[in-house]
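Comments concern the structure below.
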2 protein chains.
Amino acid sequence: MKENFKENHPECREMILPVRDALDVISGKWKISILIAMSLGNKRFMELQNAIPNITPRMLSKELKELEMNLLIERKVYDSFPPVIEYERTAHAQTLEPLIEELRRWGEYHRLVVTGTNIHHPVKEFQD
Amino acid sequence: MKENFKENHPECREMILPVRDALDVISGKWKISILIAMSLGNKRFMELQNAIPNITPRMLSKELKELEMNLLIERKVYDSFPPVIEYERTAHAQTLEPLIEELRRWGEYHRLVVTGTNIHHPVKEFQD
DNA sequence: CAGCATCCCGGCAGATACTG
DNA sequence: CAGTATCTGCCGGGATGCTG
């Protein structure tokens, strides 16, 4: 998967690899939901599970681990009694904000386009 | 998948849905490669298959269909002899450019971060 | 509470062969 | 050339139950 355009277009491979890296990091099924739930102040495992309907502990655990490996969140263990575990977004997660906002904007626009609004401009180009 | 934050945070659901829409459209395994190969001038099925190493005709066909359904490409049949079929990016695909560029930028930056560049002020370094 | 272990199933996607 | 058909392995991810 990483070796697209291996021999043909080395300059393209250099363009595609970072794009796929970015997509791999954020396109997990629950990752965006988790990051947003955390930005709303949910920090603990149970809080996240409650905030995100339908997620199973197994999936939550798995996605949290991947987010942590990608340095987007940090797992903090306070050995109070009872011990408390909290997850927090890192500074690196902040750098994702513009990208997520761009995804949101394009996603909204795209929905307008595919649901057939001819209010806008470029739509008429793909009507036969 | 679409019903995250159903009851808890309706405003979040409205944020997540478009993001997931956008991701669903572009995060197919070969979609970015196909769009880039097309932007390089590859139009015909065989050209695309040659330009994208390791893709099978089955996958190419499937991804082309999905891109077409999302109005990102257009399938044109010229009934010359022999009949020629060409795929072209639509105007709507142009609107994806800033998003892909943002993905590429963040993907590159992210790789720097995870491969251990010691960053003290991540946000500042990320900006141009 | 914060997860891990197990079982299991549907679908993604590769390999290969075939068609108009 | 531009795909389709079939067979198959793999694994993402749900359900359930269990632990420290």
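Just so we're on the same page: letters track the sequence lines, and every chain starts at 1.
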Report task. For the pair A:Asn42 (side chain) and A:Met38 (backbone), establish whether a donor and an acceptor sit closer than 3.5 Å, ignoring hydrogens and angles. Result -> no

Report task. Write down the atom of A:Leu60, the atom of A:Phe45, and the distance for their closest heavy-atom approach. Result -> CD2-O, 3.6 Å

Report summary line: Between CZ of A:Arg44 and C1' of C:dA2 the distance, given in whole Å, is 9 Å

Query raised in the report: After noting the C-alpha distance and the side-chain angles of A:Glu101 and A:Arg104, does the key distance pass the salt bridge (charged side-chain N to carboxylate O under 4.0 Å, His left out) rule?
Result: CA-CA 5 Å; A:Glu101 174 60 17; A:Arg104 194 193 58 75; 2.7 Å; yes

**Report entry** Atom of B:Ser27, atom of A:Arg20 and distance for their closest heavy-atom approach
**Finding:** O-NH2, 3.9 Å

Query raised in the report: Does A:Lys65 put a side-chain nitrogen or oxygen below 4.0 Å from OP1 or OP2 of C:dC4?
Result: yes

Query raised in the report: Nearest to the side chain of A:Tyr87 - C:dG3, D:dG3, C:dA2?
Result: C:dG3

Query raised in the report: Members other than A:Tyr78 in its cluster, when Ile, Leu, Val, Met, Phe, Trp, Tyr link by side-chain heavy atoms under 4.5 Å?
Result: A:Val84

Query - Spacing of A:Asp79 atom CG relative to C:dA2 atom C1', expressed in whole Å - result: 15 Å

Requested in this report: Answer yes or no: does a side-chain N or O of A:Tyr78 lie under 4.0 Å from OP1 or OP2 of C:dC1?
Outcome: no

Query raised in the report: Atom CG of B:Leu60 and atom C1' of C:dA15: how far apart are they, to the nearest Å?
Result: 16 Å

Query raised in the report: Starting at CD1 of A:Ile85 and ending at C1' of C:dG3, how long is that distance when rounded to a whole Å?
Result: 8 Å

Between N or O atoms, less than 3.5 Å apart, protein on one side and nucleotides 13-19 of chain D on the other: list the pairs.
| from | atom 1 | to | atom 2 | distance (Å) |
| --- | --- | --- | --- | --- |
| D:dG13 | N7 | A:Arg58 | NH2 | 2.5 |
| D:dG14 | OP1 | A:Lys29 | NZ | 2.5 |
| D:dG14 | O6 | A:Arg58 | NE | 3.4 |

Query - Crowding at CZ, A:Arg89 (>12 non-hydrogen neighbours, <6.0 Å) - result: yes

Requested in this report: Whole angstrom is fine here: how far is it from CD in A:Glu86 over to C1' in C:dC1?
Outcome: 13 Å

Query raised in the report: What heavy-atom pair brings A:His92 and B:His110 nearest, and what distance separates the two atoms?
Result: CE1-ND1, 2.8 Å

Requested in this report: Whole angstrom is fine here: how far is it from CD1 in B:Ile34 over to C1' in D:dA2?
Outcome: 14 Å

Report task. Examine C:dG3: is either OP1 or OP2 under 4.0 Å from a nitrogen or oxygen in the side chain of A:Arg75? Give yes or no. Result -> yes

Query - A:Ile52 to A:Ile55 - nearest heavy-atom pair and separation - result: O-CG2, 3.2 Å

**Report entry** Shortest non-hydrogen contact between B:Thr90 and B:Leu71, atoms and distance
**Finding:** OG1-O, 2.6 Å

Query - Spacing of A:Ile52 atom CD1 relative to C:dA2 atom P, expressed in whole Å - result: 14 Å

Requested in this report: Would you mind reading off the distance between B:Asp24 atom CG and C:dG11 atom P, rounded to a whole angstrom?
Outcome: 16 Å

**Report entry** Inter-end axis angle, the helix from C:dC1-D:dG20 to C:dG20-D:dC1, with every axis fitted to five base pairs (rounded, 10 degrees)
**Finding:** 50°

